[in-house]
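Along the sequence shown, residues are numbered consecutively beginning with 1. Each ligand, and each atom within it, is numbered from 1 in the order the structure gives.
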Amino acid sequence: MKVCVDELRERYPVITGHRGFQERYPENTIVSFAAAVEAGADVIEMDVHLTRDGVPVVIHDETVDRTTDGRGRVGDMLLKEIRELDAGRWFGPQFAAERVPTLQEVLDRFGGRVVLNIEIKAYDESGPAVRGRVEREVVRMVAEKEIVGGVLISSFDANILKRAGRMTGAPALALISKVAFDEETLEACRRLGVFSFHPRFDVTTGALVRAMHGAGIQVYAFGADSADRIGRLAALGADGVIAKNPRQARRRWPKEARGTSPI
Ligand code: G3P
Ligand code: CA
């Protein structure tokens, strides 16, 4: 049975593995995603950029500098060049076999087994030649794999979500935010018809959670890993957390505290 985004409404708390199992494994690699699934994550989160030859690859930064042994902008490199890089050794010698995964590899390996939160990292500043290409490729690949129901496309950029949402066979959407919540954000979420809203921990408030819930939108916050922060999210009424250590996040989530904070 394939997993389904809608079923997340029935789960509590919803635990997402940020970049896989970022605390213990090299982020956004196959080994990191496998570890997050093994740890019982409901969702795995990943970041996607397009190579120069138009292939979606799973990597966080705009350049390969921090998380591989190479240098350069992902968008300036061919897939072949990126695949030659080591994406694990920077984190530990035991991970030397890891490569920058293509999105296709991740879909083949994990699609349907766990909900995939695919964050699109191409921003409008990328210019008209690139605009729309990433989301088009992601939507096409997810549809081809027949896992539309098990995918969330997320982005800080509402325009990316707007374009993705208009495409035939688009998966569910999620808006990410690191700025103070306001009515405009709620309106944007409503207009986009997002499934969930992903605020950074420090801008997550009870008012935000209540407003989103009033609109039928789930709230999964990121940037909260300590027991204190996770406890606070539960007290604010959040539905889940996007955590660097999904196993620990589940253990730290105090189930009895749902929505008890008046703030
Ligand atoms: O999903 C939320 C989070 O991943 C956004 O921030 O920079 O870690 O991609 P970042
Ligand atoms: Ca991300």
Please could you name the atoms of ligand 1 that Phe156 approaches to less than 4.0 Å, counting only its heavy atoms?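 Atoms satisfying the 4.0 Å criterion: 5 (C), 6 (O).
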Need the ligand 1 atom indices (1-based, order shown) with element for anything under 4.0 Å from a heavy-atom of Asp47.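 Close to Asp47: 9 (O).
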Starting from [atom], which protein heavy atom do you reach first, and at what distance in Å?
{"atom": "atom 7 (O) of ligand 1", "result": "His60 NE2, 2.8 Å"}
{"atom": "atom 3 (C) of ligand 1", "result": "His18 NE2, 3.5 Å"}
{"atom": "atom 1 (O) of ligand 1", "result": "Glu45 OE2, 3.3 Å"}

Can you find a pair of side-chain heavy atoms, one from [X] and one from [Y], that are under 4.5 Å apart?
{"X": "Arg52", "Y": "Leu79", "value": "no"}
{"X": "Phe21", "Y": "Phe33", "value": "no"}
{"X": "Val100", "Y": "Arg83", "value": "no"}

No-hydrogen, no-angle side-chain donor-acceptor test under 3.5 Å, Glu23 and Asn245: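 A pair is found: one side chain offers a donor N or O, the other an acceptor, under 3.5 Å apart.
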For the residue pair Asp53 and Thr51, confirm or rule out a side-chain donor-acceptor distance under 3.5 Å. yes
More than 12 heavy atoms of other groups within 6.0 Å of Gln94 CD: yes
Would you mind writing out the side-chain donor-acceptor pairs for residues 190-198 within the sub-3.5 Å range, not counting sequence neighbours?
residue	atom	partner	partner atom	Å
Arg190	NH1	Glu187	OE1	3.3
Ser196	OG	His198	NE2	2.9

Ion pair Arg19/Glu27, N-O distance below 4.0 Å: yes
Please determine whether a side-chain nitrogen of the Lys or Arg among Glu144 and Arg140 lies less than 4.0 Å from a carboxylate oxygen of the Asp or Glu.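 A salt bridge is present here (some side-chain N lies under 4.0 Å from a carboxylate O).
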Please determine whether any non-hydrogen atom of Lys121 lies less than 4.0 Å from an atom of ligand 1. yes
Does at least one non-hydrogen atom of Arg19 fall below 4.0 angstrom from an atom of ligand 1?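 It does; at least one heavy atom falls under 4.0 Å.
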Over all heavy atoms of both residues, which pair between Thr204 and Ala221 is shortest? Give the atoms and the distance, please. OG1-CB, 3.8 Å
For the Ca ion (ligand 2), report each protein N, O or S atom nearer than 3.0 Å, sorted by chain and then by residue number. Glu45 OE2, Asp47 OD1, Glu119 OE1
Contact partition for His198 relative to ligand 1, non-hydrogen atoms under 4.0 Å: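 His198 to ligand 1: no contact under 4.0 Å from either part.
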